[in-house]
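So you know, we letter chains A, B, ... as the sequences are listed, proteins then strands, and number each from 1. In this text the structure is predicted, and so the values were computed from the model without any measurement.
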Protein chains: 2
Amino acid sequence: MDGQTSFPLGPSSLTEALYESVRKRIVNGEIAPGEKLTEIRIAGEYSVARPTAKACLERLTALGLLRRSTHKTAVVPKLDEDDIRDLYFSRETVERAAVATLARTATVPPEAVRAQAAMKAAAGDTAANGAFASQVEADIAFHSALVAAVGSRRLSRMHEVILGEVHLTMGQFQAHRTTHPMNVVHEHDDILKAIGDGDPEQAQRLLAHHLDQAQGRLLSQLHRERSEEAPA
Amino acid sequence: MDGQTSFPLGPSSLTEALYESVRKRIVNGEIAPGEKLTEIRIAGEYSVARPTAKACLERLTALGLLRRSTHKTAVVPKLDEDDIRDLYFSRETVERAAVATLARTATVPPEAVRAQAAMKAAAGDTAANGAFASQVEADIAFHSALVAAVGSRRLSRMHEVILGEVHLTMGQFQAHRTTHPMNVVHEHDDILKAIGDGDPEQAQRLLAHHLDQAQGRLLSQLHRERSEEAPA
DNA sequence: GCGACAAAATCGTCAGACAAGTATACTCGT
DNA sequence: ACGAGTATACTTGTCTGACGATTTTGTCGC
């Protein structure tokens, strides 16, 4: 994109914009897993000072989107099977609480419904370029809306961090390409229905199943890739 | 204290030690809620450069131990009723998942048992100076051990953040002073027993009750303080 | 070919400086 | 005397530049 004209810096500041931009590049897979991100490189690419770049990398590291230890350069993490299981266990913990809470008052978040519409639209033109990315976006938006509707700042904060890593793995494995997006849409619809019916147990059950499916897709994709690059 | 002789910096680095020190001062209530923490003040108190102090404050802000908006001085947050409810809702979400998981395999974490012993010891000499602080420490350690035993890095990370804020409020309200610590000890024991019995439902029930009690103590303490400083 | 030493790259921390925004205090008009 | 607008001081955001420490890489000798 247009990299040199002054950025449309949304919020207040340089640091924020830099962070958002690098974050996007990571979760969208533009920066491959295992790739090294030095402070100098970031500073150079964006024409900012090294301390600014440093702060950016530190923030991303805190969110799990980068790994680095003292005096070593940051790298985009390549999540293994244990990571994915751990990630989905944490995710399930948070989202279970969310859907149960919503179901208790039969509150169907309008934002989630909107995300569903976007997902259906994206599912329509699977051939189109960038359709994959917008599917992932819509999927993330759906789950995000579910948690946001609970109204708990801290739950949302935790979920945001987790979804960041989820987004990262999805971008890396492109698991959505190997499955029919309409299945996901239908599972989402079922969850919304259970919430609307005021049935917390059912909502949790369906959610757990949905997440299990997603985790399974990621794991099988992981194994496939591993077996391909085995002859080293 | 001795500010000029090089610090006995425990871990790797200056930043880390600074962060730990300031964090402790905040959660222990040495820095009162509402108190302002300028970068310059921290830099001066610890004889470090301002960027170092800045990074420290940013980290603490990310953890919810400080609040600040752009171009405004960081302050130690004074949590209101909504905050406490939100905090305990999130806490319950995480710890429920933990005890349920442990109970499913009837795994009683040795660390938690050890924390219980420490708590009993601290409960013995309520009169002693600093006994209150060690009670809180032991309490935190117990719940921390529970979650750590699950073995989920991400769940532990989330819990760590939440416990930071819990620690903060406990230090501020000193709620433990108004209650018999042995009650807390017994509730902990009950939870451990349910885990050992392999009864996830019971463990979750007892945990929820335990957290409800704790939240209630904090809220009543909050109301008491508010009514005292009402005539403004 | 392998291990040890030297060189390069990178990070951690610091000092100093300027711009920009916020909050406070002061002045002026009514 | 009091309120409103402005001016000043304080604090933060960002940059430039630099030095020591540590990790990594590359080379040399055995």
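- The distance from atom CG of A:L37 to atom P of C:dT10 is 12 Å, rounded to the nearest whole Å.
- Nearest-nucleotide mapping onto DNA chain C: of B:A53 and A:A74, the residue sitting toward the 5' end is A:A74.
- For A:T70, no side-chain nitrogen or oxygen approaches OP1 or OP2 of C:dG12 to under 4.0 Å.
- A residue-by-residue look at B:K36 and B:A49 shows that B:A49 has its nearest nucleotide of DNA chain C further toward the 5' end.
- For B:E39, whose side chain is taken as the heavy atoms from C-beta onward, the closest listed nucleotide among D:dA21, D:dC15, D:dT12 is D:dT12.
- Judged purely by atom type and a 3.5 angstrom limit, B:R41 uses its side chain to pair as donor or acceptor with the backbone of B:K36.
- Candidate nucleotides C:dT13, D:dC15, D:dA21 were compared by shortest atom distance to the side chain of A:H71, and D:dA21 ranks first.
- Put simply, the side chain of B:S227 gets close to the backbone of B:H223: a donor and an acceptor are under 3.5 Å apart.
- Counting only heavy atoms from C-beta on, B:L14 has its side chain closest to C:dC14 among D:dG13, C:dC14, D:dT12.
- Judged by distance alone, the side chain of A:S90 and the main-chain N or O of A:D86 form a donor-acceptor pair under 3.5 Å.
- Residue B:K54 contributes atom NZ, which lies 19 Å from atom P of D:dC10 at whole-angstrom precision.
- A:L18 has its CG atom 9 Å from the P atom of D:dC15, to the nearest Å.
- For the OP1/OP2 pair of D:dT11 and a distance below 4.0 Å, the side-chain nitrogens and oxygens of B:K72 include no atom meeting the criterion.
- The distance from atom OH of B:Y46 to atom C1' of C:dG12 is 19 Å, rounded to the nearest whole Å.
- In this model, the phosphate group of D:dG13 is not approached by any side-chain N or O of A:T52 to a distance below 4.0 Å at OP1 or OP2.
- The aromatic rings of B:H188 and B:H210 stand perpendicular to each other, their planes meeting at an angle above 60°, with 30° marking the opposite boundary.
- Candidate nucleotides C:dC14, D:dT12, C:dT10 were compared by shortest atom distance to the side chain of B:V48, and C:dC14 ranks first.
- In this structure, CD1 of A:I42 is placed 16 Å from P of D:dT14, rounded to the nearest angstrom.
- In this structure, the CZ atom of B:R68 is 13 Å from the P atom of D:dT11, given to the nearest Å.
- For A:T73, no side-chain nitrogen or oxygen approaches OP1 or OP2 of C:dC11 to under 4.0 Å.
- Considering only the side chain of B:R50, C:dA17 comes nearest among C:dA17, C:dT10, C:dG21.
- A straight line from CD1 of A:I40 to C1' of D:dT16 spans 14 Å, rounded to a whole angstrom.
- Not one N or O on the side chain of A:N28 forms a donor-acceptor pair closer than 3.5 Å with the backbone of A:A133.
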